[in-house]
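Presented below is the structure to which this report refers.
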Amino acid sequence: MALRLSSALFTLLLILAAVYLKNVVLHLTTNPIWQQHPGKVMHPKFLAGVLAASAAGSASASASVNAVEVGNGSVLNANLTRDVVPIPVHSHNDYWRTTPLLSALSYGLTSVEADVWLINGTLFVGHDRGALNVEKTFASLYIDPLVQLLENINQNDGEFEATGWNGVFSMDNTQSLQLLVDLKTDGPETWPYVLKALEPLRERGWLTNYNGSAVTNSAVTVVGTGNTPLQQVLAQNSTRDAFFDAPLASLNATFTPAVSPLASTNWAKAVGWNGIRDISQKQRQAIRDQVATAHAAGLKVRYWGYPNWPVWARDNIWKVLVEEGVDWLNVDDLSGIAEF
């Protein structure tokens, strides 16, 4: 009797496992993002590498990047974003993803965020001190992969000679990637280390910069936020290649595109709508006024801190932001924005 029960239980488990695997495969092959760009946006090679990194349980950022290698090739080349349409979406808390930076790029996001902490002369990346890891540095998660990716893309061909630089997106090689650097430690002390960390991009001419008279776009546009010291950013009035995230709720004449390509503010404080009931006219007008002020100054707009749940309420907020001309959607859920 016991043997028959064990056999029946084993058969039931096999059936359940088969159903689960079928559902996983069905989800991956029917996801709208795959239908739009089959095998490209989160293409099989990249996905296989991400899964390999996850299965290995690696805590090392460099190990995660290395795990995204299949066969004799690496996705740190134009294939990562081949046929991926760049979208004006910001990857909030990007460093939490299985493969920071690369996951966002594979979905077409044109802005990513790194929270940096200066400890003993090294910039570490994490949401708080308790989440820091000796191998998760600003260099290993962002600068080194960007340099490798851009070096592979910017090969000496006719297109490169014509444009001077190619960005990370094959579908639009003039699209700059915005790298938002959120300083968590003392701003005046940390900022010089951020500027120094950017040198590999700077020496290759891949940083958007201001020379005292005009802004020249390049493959990466760095914007400091959090504790970034405004006075230090302003002091670089003829050699600026890292900019300032302007306060959307209190803009003034200081904040021009030469200083701040971006203006941000807290959604809860500025608007306060949770997406569940209809937005009030007062709340909608608050968005319109801030967008109009920023756009008149030549700045792009981003709100952060709006709720992610319920998902349908979050989607309502996204819809209103798009309707009102907000330039950047601030997202945590990559698959959610892909289906939006």
Side-chain angles (χ1 to χ4, degrees), residues 19-58 61 64-65 67-68 70 75-76 79-115 127 141-142 145 149 168-172 175 177-180 267 274-276 302-322 326-340:
V19 171
Y20 174 78
L21 289 174
K22 179 180 178 182
N23 287 336
V24 169
V25 171
L26 181 63
H27 171 74
L28 290 176
T29 55
T30 59
N31 189 307
I33 200 70
W34 285 66
Q35 294 174 358
Q36 294 168 21
H37 308 291
K40 299 298 182 182
V41 174
M42 181 62 84
H43 54 70
K45 286 186 177 180
F46 181 68
L47 182 60
V50 171
L51 293 176
S54 178
S58 173
S64 295
V65 171
V68 187
V70 179
V75 297
L76 288 175
N79 289 327
L80 172 65
T81 60
R82 190 178 302 278
D83 294 343
V84 177
V85 177
I87 57 177
V89 176
H90 173 71
S91 179
H92 180 239
N93 291 335
D94 180 78
Y95 47 86
W96 275 347
R97 309 197 188 286
T98 303
T99 308
L101 176 65
L102 304 186
S103 294
L105 295 184
S106 74
Y107 275 87
L109 274 63
T110 51
S111 181
V112 296
E113 177 181 333
D115 290 2
H127 192 66
L141 288 182
Y142 292 94
L149 177 60
V168 297
F169 293 100
S170 300
M171 291 288 286
D172 183 0
Q175 172 67 56
L177 174 69
Q178 181 171 264
L179 175 56
L180 202 61
W267 172 262
N274 62 12
I276 294 177
R302 177 182 70 105
Y303 287 97
W304 55 270
Y306 39 76
N308 287 317
W309 192 87
V311 171
W312 58 266
R314 177 207 63 190
D315 288 355
N316 287 340
I317 294 174
W318 286 354
K319 183 174 182 292
V320 167
L321 292 175
V322 172
V326 172
D327 302 279
W328 293 101
L329 290 184
N330 195 79
V331 308
D332 294 286
D333 181 5
L334 296 184
S335 61
I337 195 63
E339 298 169 0
F340 177 63

Passes side chain to side chain contact (heavy atoms under 4.5 Å, CB included), Leu321 versus Tyr306? Steps please. CA-CA 11 Å; Leu321 292 175; Tyr306 39 76; 3.6 Å; yes
Quick check against the 3.5 Å criterion: does Thr110 have a side-chain atom that pairs as donor or acceptor with the backbone of Pro86? no
Rounding to 0.5 Å, atoms OH (Tyr142) and CG (Leu102) come to a distance of 9.5 Å
Strictly by modelled atom types, are Ser111 and Arg302 linked by a side-chain donor-acceptor pair under 3.5 Å? no
Do you know the tightest heavy-atom contact between Leu101 and Asp94? N-OD2, 2.7 Å
Grab the two heavy atoms, one from Val326 and one from Tyr303, that are nearest each other, plus how far apart they are. CG2-CE1, 3.8 Å
For the CH2 atom on Trp312, are there more than 12 heavy atoms of other groups (residues, nucleotides or ligands in this structure) within a distance under 6.0 Å? yes
Do the side chains of Trp267 and Ile317 get nearer than 4.5 Å, heavy atoms only? yes
If you compare all heavy atoms of Val112 against all heavy atoms of Ala104, which two are closest, and at what distance to 0.1 Å? CG1-CB, 3.8 Å
Test item: Asp327 and Pro88 side chains (from C-beta on) under 4.5 Å apart, heavy atoms: no
For Trp304, is there any backbone N or O sitting under 3.5 Å from a side-chain donor or acceptor partner on Asn330? no
One should read off an interatomic distance between Asp333 CG and His92 NE2, to the nearest 0.5 angstrom, of 13.5 Å
Validation row: Ile87, Leu109 side chains within 4.5 angstrom (heavy atoms): yes
Say whether Tyr95 and Asp115, considering side chains only, have a donor N or O and an acceptor N or O under 3.5 Å apart. yes
Please give me the minimum heavy-atom distance between Arg314 and Asn308, naming the atom from each residue. CD-OD1, 3.8 Å
Looking at side-chain heavy atoms only, is the closest gap between Ser106 and Leu334 below 4.5 Å? no
Between Trp318 and Phe340, how do the two ring planes meet: parallel, tilted or perpendicular, split at 30° and 60°? perpendicular
With distance as the sole criterion, is a donor-acceptor pair present between the side chains of Glu113 and His90 under 3.5 Å? yes
Hey, could you give me the CG/OG distance between Leu177 and Ser91, rounded to the nearest 0.5 Å? 10.0 Å
What pair of heavy atoms forms the shortest contact from Leu149 to Leu80, and how long is it? CD2-CD2, 4.2 Å
